[in-house]
Participant: 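Mind having a look at this structure? Questions to follow.
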Amino acid sequence: MGGVAVDGSAPTAVVRFPLPAVVTVPRHVSTRHVEGLASQGVYELFARLSPELAEQVPEGPTAAQRQAMRWAFAVEVLGAGGRSARGEVRGFDAYGTTAVIAVEAARRLAADGAPAGVLAPAQAFDAAGFLDFLGDHGVSWSVSGARQV
């Protein structure tokens, strides 16, 4: 278990966690190692989840709870030559943002097409353009680094 801080906030306890990036990143970026991490709280929630418990999960959060919700993803990259970079994506209302992402992805696929086959999102869409689009929906992003370690 380690700690990760996003936006200068206090570090959040994290643990290894199977995330989609572990599968999708190596599809379009030459890499030797990809590791997913999640907050300790998310890990504990999923560790307790059983089919019986999943059936008892109540309806999702209210509109007010969704607006108060905050989320962030941080990615740290270390290149073979010792260069590093960090990317962050932040927003609110993960439910609403997910819906916007799904609709915009479908719209772009219908309007612009994509290569045939199964693709990682960054293979199908220009990442910066997609993230810029999400800015109108409360998502901000940044990339810093490309510094020598």
Side-chain angles (χ1 to χ4, degrees), residues 1-49 53-54 57-112 114 118-149:
M1 178 171 48
V4 174
V6 177
D7 285 346
S9 61
T12 299
V14 295
V15 295
R16 288 185 177 151
F17 194 76
L19 293 170
V22 174
V23 175
T24 62
V25 168
R27 291 183 58 87
H28 64 95
V29 176
S30 177
T31 182
R32 287 189 302 221
H33 181 79
V34 177
E35 186 172 61
L37 302 171
S39 71
Q40 181 73 33
V42 167
Y43 171 80
E44 289 171 2
L45 175 69
F46 278 93
R48 292 191 319 262
L49 196 58
L53 184 59
V57 173
E59 294 294 320
T62 66
Q65 290 169 323
R66 287 175 44 188
Q67 290 301 309
M69 179 187 302
R70 298 290 178 261
W71 57 264
F73 288 95
V75 177
E76 294 184 356
V77 179
L78 178 61
R83 291 174 37 138
S84 71
R86 179 181 175 95
E88 296 179 5
V89 182
R90 300 161 293 285
F92 66 94
D93 184 6
Y95 291 82
T97 302
T98 299
V100 169
I101 290 168
V103 170
E104 180 61 11
R107 188 201 66 75
R108 288 181 185 217
L109 286 172
D112 304 332
V118 177
L119 304 171
Q123 290 174 293
F125 311 112
D126 170 63
F130 204 102
L131 289 167
D132 286 343
F133 166 82
L134 293 175
D136 290 341
H137 301 276
V139 175
S140 62
W141 67 281
S142 63
V143 175
S144 60
R147 64 191 189 315
Q148 198 70 22
V149 176

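Note that the structure is a prediction, hence the values are computed from the model and not measured.
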Participant: Decide yes or no on side chain to side chain contact (heavy atoms under 4.5 Å, CB included) for Leu37 and Arg16, but give the supporting numbers first.
Facilitator: CA-CA 4 Å; Leu37 302 171; Arg16 288 185 177 151; 4.2 Å; yes
Participant: What heavy-atom pair brings His137 and Thr97 nearest, and what distance separates the two atoms?
Facilitator: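 Residues His137 and Thr97, closest heavy atoms: O-OG1, 4.5 Å.
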Participant: Val14 versus Tyr43: any side-chain heavy-atom pair under 4.5 Å?
Facilitator: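 Answer no - side chains too far apart.
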Participant: Kindly give the heavy-atom pair with the smallest separation between Ser142 and Arg90, and that separation in Å.
Facilitator: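 Scanning both residues completely, I find the closest heavy atoms to be OG-NH2, 3.7 Å.
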Participant: Please tell me whether Trp71 and Asp93 have a donor and an acceptor in their side chains that are separated by less than 3.5 angstrom.
Facilitator: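 No, no side-chain donor-acceptor contact under 3.5 Å.
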Participant: Compare every heavy atom of Tyr95 with every heavy atom of Arg66, then report the nearest pair and how far apart it is.
Facilitator: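 It is NE-CB, 3.7 Å.
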Participant: Which value, rounded to the nearest 0.5 Å, describes the distance between Phe125 atom CZ and Leu119 atom CG?
Facilitator: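 Going from CZ on Phe125 over to CG on Leu119, the span is 8.5 Å.
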Participant: Could you grab the distance from atom CD of Gln40 to atom CG of Leu45, nearest 0.5 Å is fine?
Facilitator: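 Output value for this atom pair is 12.0 Å.
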Participant: Of all heavy-atom pairs between Ala74 and Arg86, which one has the smallest distance, and what is that distance?
Facilitator: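 For Ala74 versus Arg86, the nearest heavy atoms are CB-NH2, 3.5 Å.
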Participant: How far apart are the closest heavy atoms of Asp132 and Trp141, and which atoms are they?
Facilitator: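 For Asp132 versus Trp141, the nearest heavy atoms are OD1-NE1, 3.0 Å.
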Participant: Looking only at non-hydrogen atoms, find the nearest pair between Met69 and Pro61 and report the distance.
Facilitator: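 Shortest heavy-atom contact: CE-CG, 4.1 Å.
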Participant: Report the distance from atom CG of Leu78 to atom NE2 of His33, rounding to the nearest 0.5 Å.
Facilitator: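 Taking CG in Leu78 and NE2 in His33, the distance rounds to 11.0 Å.
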